[in-house]
Structure formats: C-alpha cells, structure tokens
2 protein chains.
Amino acid sequence: MARTRSFDRDAVLAAAGNAFRQHGYRDASIAELERATGLVSGSIYNAFGDKAGLFRAALEHYVHGFVRQRVAAFAGADAGLEELEQLYLSVLEPPLSDGYGCLVNNSIIEFGTAPGIASDGIAETLTLVREGIASVLAREIGSVGAEREVMQLVLLYHGVLTLSRSGTSLEAMRGAVSATFERLHASRAQHNKKQ
Amino acid sequence: MARTRSFDRDAVLAAAGNAFRQHGYRDASIAELERATGLVSGSIYNAFGDKAGLFRAALEHYVHGFVRQRVAAFAGADAGLEELEQLYLSVLEPPLSDGYGCLVNNSIIEFGTAPGIASDGIAETLTLVREGIASVLAREIGSVGAEREVMQLVLLYHGVLTLSRSGTSLEAMRGAVSATFERLHASRAQHNKKQ
DNA sequence: TACATTTTAGAATGCAAGTTCTAAAATCTA
DNA sequence: TAGATTTTAGAACTTGCATTCTAAAATGTA
C-alpha cells in the first residue's frame with residue numbers, strides 16, 4: 001500500500017543508543033545521529049517523532065536487549081558467583097570497555113531523578129540488576145549474607161561503570177572486582193559448611 | 001582607580017558550582033547562572049571570560065575548597081577507619097544528599113576522558129580521594145590489605161555518588177557502607193593481632 | 001572635584017541545533 | 001499498470017542560548 005522503510009529498526013536503535021552513550025542525550029546532535037544511524041533527519045522524525053522519541057526507543061532497546069540479556073546470562077536463575085563476577089568483568093571488556101560507559105548509568109547522571117525520558121529505563125535497569133544480584137547471592141551465600149552484600153555489589157557495579165568513563169585503569173578495576181569476589185567465595189564456603 | 005566588584009567571588013563560585021552540579025554544564029543556561037549567582041551576564045563575562053571559564057573556576061573552587069577539605073578531615077594524616085566511614089556517610093547527609101550528586105562525579109560522566117574544562121578537577125579529585133583512602137587503609141589494616149581494598153573503596157565511593165542521583169534509598173546505601181566498614185574493622189583487628 | 005578605569009546592566013547579535021515543510025521516490029494494492 | 005500512501009531527502013524555518021556591545025554607574029586617584 002505504500003513505500004516501505006529502508007532501515008532495520010534494531011540496527012538504527014543500537015547505533016543511536018551508542019551515539020547517546022558516547023555524547024549524552026543533550027550533546028548528541030541530530031546531525032550526529034544522522035551520521036550514526038545512516039538515516040536523514042526526515043526519516044528520524046517520521047519514525048520516532050522527535051529526538052526525545054528516538055532516545056526513548058534507543059534506551060528501551062538497550063534495556064530490553066542488552067541489559068536484560070546480560071543480567072539473564074550473568075545473574076539469571078542458574079547463575080553462580082562465577083557468572084556474577086563475569087557481569088562485572090564483562091563491563092571491562094568490549095563493547096563496554098571503550099571508555100564511554102553504560103547508557104543507563106550515564107543517564108542516571110544526565111537526567112537524575114526527575115520524571116522524564118529516561119526514568120523508565122533507569123528504574124527498570126536498577127530493579128533488574130539489584131534483583132539479579134540478590135537472587136545469586138541468596139542462592140550462594142544465604143539470605144543473611146545476601147541481605148548484607150546486595151547493595152555493596154550494586155554500588156560496586158555503578159562505581160565501575162562511572163569510573164570506566166574516567167580513564168581509570170581497567171586492570172585496577174578488575175583487581176577490585178576479583179578481590180570482592182574472593183571474599184564472596186569465602187562467604188559461600190562458610191555458608192555451605194554450616195549446612 | 002576604578003569601580004570595584006560588588007560580589008564575593010567565593011560565594012559566586014559556590015552558587016555557580018551548585019547550579020552546575022544540579023543541571024550539568026550543558027544544561028545550566030546563562031540565565032540560570034545569573035539567577036543562581038545573582039550576577040548579570042555582563043558581570044559573568046567580564047569576570048570569567050565565558051561560560052567555560054566560570055565552570056573551570058567553579059570546579060577548581062569545589063575541588064580546592066570542598067573536596068580537599070573533606071578528604072583532609074575524613075582521610076587525612078590522623079584519620080582512622082571511623083573517620084573514613086564518615087567520608088561515605090557524609091555524602092548521604094546535607095548538603096550532598098539533595099539528590100544532585102557531586103560536581104566531580106557528575107563531570108566524569110558529562111565530559112569523560114577527553115581533555116577539556118573538567119579534566120584537571122577530575123584528575124585532581126581522583127588522586128586526592130584514592131591517596132587519602134590508601135593512606136588510611138595502610139595505617140589501619142597494613143599495606144597488603146590496603147593494596148587489596150583501596151580500589152574497592154574508590155569504586156564504592158563513586159557508586160554512592162552516582163546512585164545518589166537515582167532516587168535510591170539513602171538508608172540502603174548507608175547500610176552498604178556500614179557493612180563494608182564492619183569488614184574493614186575486622187581486618188584491622190586481624191592486622192593488629194599479628195603485630 | 002574631575003578624570004580615568006572598571007564594573008554593572010541589559011539590549012542586540014549571531015549561531016547552532018531541533019523541528020517543520022515540500023517534493024520526489026518507492027512500494028503496495030486494486 | 002495506476003493510484004494511494006508512506007518513506008526518503010534535504011532545504012527552510014524557528015527558537016534558545018552563548019556571546020558581544022553600548023551605555024550608565026561606581027570608585028579610586030590626581
């Protein structure tokens with residue numbers, strides 16, 4: 001009945017999300033987004049309404065695709081401490097180790113708590129990550145230890161993501177992650193002994 | 001020989017820094033900065049050159065005044081684990097607990113690693129904080145333990161600052177800080193026993 | 001007190017960037 | 001194949017904002 005779209009929505013949202021991750025929402029110009037996505041402004045506005053609409057779609061794509069997948073793999077129903085450690089270490093490997101951080105973590109700083117175009121994606125991600133970590137810990141070191149450790153691990157997660165934009169040595173951060181998980185391994189051994 | 005300035009430079013830089021901390025560099029308009037500082041744009045440009053100059057001055061004021069003071073008080077030459085814990089807990093109290101985070105931590109996300117108007121303040125702060133933490137730990141739990149814990153604590157610090165902009169419960173973060181320091185207290189006891 | 005100099009004040013300017021608009025191209029359906 | 005409809009293309013427009021500019025006000029010095 002009419003002309004069909006010439007672009008792949010997923011690819012466009014991935015490219016746009018990457019541009020937003022690098023430059024932030026405000027500093028990613030439409031010209032930059034045209035370059036990143038390969039679309040011209042007319043197509044962007046036709047497909048997503050405006051810049052905010054493109055951002056919302058890109059963030060949702062990032063959370064439902066990227067974040068959810070990573071949490072499922074590294075903090076899912078059958079993940080243990082070893083997998084959970086990979087959640088952290090994988091942040092320090094491509095594609096996240098390029099020095100631009102994480103779209104969600106960056107958006108927390110750019111948009112804050114104010115209800116807006118990033119609130120949903122941020123809230124959803126915070127819940128996904130916290131609950132994922134909590135479930136692994138509850139399984140591995142018991143509910144008492146989990147209660148104590150969950151927020152520490154959540155804070156470590158966002159600390160790593162923030163400093164990954166600062167030029168801080170990836171190796172130093174890997175060391176900190178390893179040290180944290182060595183402690184959790186000890187916690188697990190202790191917990192298993194009791195039973 | 002000429003008209004004198006009618007404003008207090010420190011007060012203006014504190015107000016400007018606060019505006020930048022809330023809105024970020026890009027989103028703090030000159031109009032907003034006029035409101036925050038009480039200066040009119042003519043005075044801002046006369047005194048600081050441009051918006052970037054005002055930001056540089058405000059960031060330097062923030063680092064040399066606020067950050068340096070806090071590190072000296074909570075991670076200085078005669079600080080122990082108790083004081084260091086206050087470095088974290090005080091972030092969760094006024095004036096930093098207003099939900100706008102820390103100017104330096106926010107700038108890490110907004111400006112990244114690219115050399116620019118925030119690089120100096122960021123680098124200086126990262127060094128101050130890391131070395132302050134390292135010196136307390138070396139004293140309190142010994143060099144081996146310190147080596148292991150420093151980066152974990154640095155990451156916890158930035159995790160707290162980042163999530164303090166996310167609406168995450170301050171109480172939950174306090175709990176995580178307490179749990180971390182309980183572990184360090186145990187480390188100190190262990191370390192003191194050996195000697 | 002008068003002059004020189006700097007700050008304050010706010011209007012005017014110029015530009016960057018988001019958005020809208022017009023026309024051409026493509027594709028589906030009848 | 002023709003018509004209807006949607007997408008692509010990019011020029012034109014608008015607005016918001018950083019910056020500049022002009023003039024008045026204030027203050028130190030001679």
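So you know, we letter chains A, B, ... as the sequences are listed, proteins then strands, and number each from 1. What you see is a predicted model; the values in this text were computed from it and never measured.
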In chain order, what residues pass the side chain to side chain contact (heavy atoms under 4.5 Å, CB included) check against A:Arg68, with sequence neighbours excluded? A:Glu124, A:Leu128
Can you tell me the distance, in whole Å, between the CG atom of B:Asp50 and the C1' atom of D:dC17? 14 Å
The side chain to side chain donor-acceptor pair (under 3.5 Å) partners of B:Arg35 (sequence neighbours excluded) come to B:Glu32
Can you name the closest pair of heavy atoms from A:Arg21 and A:Gly101 and give their distance? NH1-O, 2.8 Å
Tell me the interatomic distance from A:Tyr45, atom OH, to D:dT14, atom C1', rounded to whole angstroms. 12 Å
B:Tyr25 has an atom OH; how far is it from atom P of D:dA18, in whole Å? 8 Å
For A:Phe181, enumerate each residue passing the ring-ring contact (aromatic ring centres under 6.0 Å, His included) test, keeping only those at least two apart in sequence or located in another chain. A:Tyr88
Across all chains, not counting sequence neighbours, the side chain to side chain contact (heavy atoms under 4.5 Å, CB included) partners of B:Ala172 are A:Met151, B:Ser169
Without decimals, in angstroms, what is the distance between A:Glu34 CD and D:dA11 C1'? 12 Å
Rounded to whole Å, how long is the line connecting atom CD of A:Glu32 with atom P of C:dT19? 16 Å
Pairs under 3.5 Å (N/O, protein and nucleotides 6-8 of chain C):
from	atom 1	to	atom 2	distance (Å)
C:dT7	OP1	B:Arg5	NE	3.4
C:dT7	OP1	B:Arg5	NH2	3.2
C:dT7	OP2	B:Asn46	OD1	3.2
C:dT7	OP2	B:Asn46	ND2	3.0
C:dT7	O5'	B:Asn46	ND2	3.2
C:dT7	O2	B:Arg3	NH1	2.9
C:dT8	OP1	B:Ser6	N	2.7
C:dT8	OP1	B:Ser6	OG	2.7
C:dT8	OP2	B:Ser43	OG	3.2
C:dT8	O5'	B:Ser43	OG	3.3
C:dT8	O4'	B:Arg3	NH1	3.4
C:dT8	O4'	B:Arg3	NH2	3.4

Which part of the nucleic acid, if any, lies within contact of A:Ala28, taking any heavy atom under 4.0 Å across all strands shown: a base, the sugar-phosphate backbone alone, or nothing? sugar-phosphate
Specify the residue among B:Ser41 and A:Ile44 whose closest nucleotide of DNA chain D lies further upstream toward the 5′ end. A:Ile44
Value in whole Å for how far the C1' atom of D:dG16 lies from CZ of B:Arg26: 11 Å
Between P of C:dA16 and NZ of A:Lys51, the distance in whole Å: 16 Å
Taking distance alone, no hydrogens or angles, what donor-acceptor pairs closer than 3.5 Å link side-chain atoms of residues 53-61 of chain A to residues at least two apart or in another chain?
none

Here the distance between atom C1' of D:dT19 and atom CZ of B:Phe55, to the nearest Å, is 19 Å
